[in-house]
Amino acid sequence: MHEDIARLIGSVRVVVNRLLNRFKHEGIIHTEAGNIRLADLERLQEKAERRLHRG
């Protein structure tokens, strides 16, 4: 699954794993049985916007 996500966004599995683990630790996502559930859309959007502006 992480390799598929990486391919979709033009990245590599290692980077996707790192980000998903960070998001999980921060409570942005929850994972269970191979599924990813978005828990905090606003926080994810804020992180994305900061990243784009830092660019």
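- Leu52 is not connected to Val15 by any chain of hydrophobic side-chain contacts under 4.5 Å among Ile, Leu, Val, Met, Phe, Trp and Tyr, and they are in different clusters.
- At a threshold of 4.5 Å between non-hydrogen side-chain atoms, the residues Leu44 and Leu38 count as touching.
- By the 4.5 Å heavy-atom criterion applied to side chains, Phe23 and Lys47 are counted as neighbours.
- Heavy-atom contacts from other residues, nucleotides or ligands closer than 6.0 Å to CD of Glu42 number 12 or fewer.
- Considering CZ of Arg22 and CD1 of Ile28, their distance stands at 9.5 Å, rounded to 0.5 Å.
- In this structure, Arg7 and Arg13 have side chains that are not in contact, with every pair of non-hydrogen atoms separated by 4.5 Å or more.
- In this structure, Glu3 places its CD atom where only 12 or fewer heavy-atom neighbours from other residues, nucleotides or ligands lie under 6.0 Å away.
- Residues Asp40 and Gly27 approach most closely at CB-O, 4.1 Å, considering heavy atoms.
- Inter-residue side-chain proximity for Arg18 and Asn21 is flagged as unmet; no heavy-atom pair is nearer than 4.5 Å.
- Contact record, Ile5 with Ile36: CD1-CD1, 4.0 Å, taken as the closest heavy-atom pair.
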Discussion item. What verdict does the side-chain contact (heavy atoms from CB on, under 4.5 Å) test give for Arg37 and Ile29, after you've listed the backbone C-alpha separation in whole Å, the side-chain angles of each residue and the deciding distance to 0.1 Å?
Written reply: CA-CA 6 Å; Arg37 184 173 58 86; Ile29 65 169; over 6 Å; no

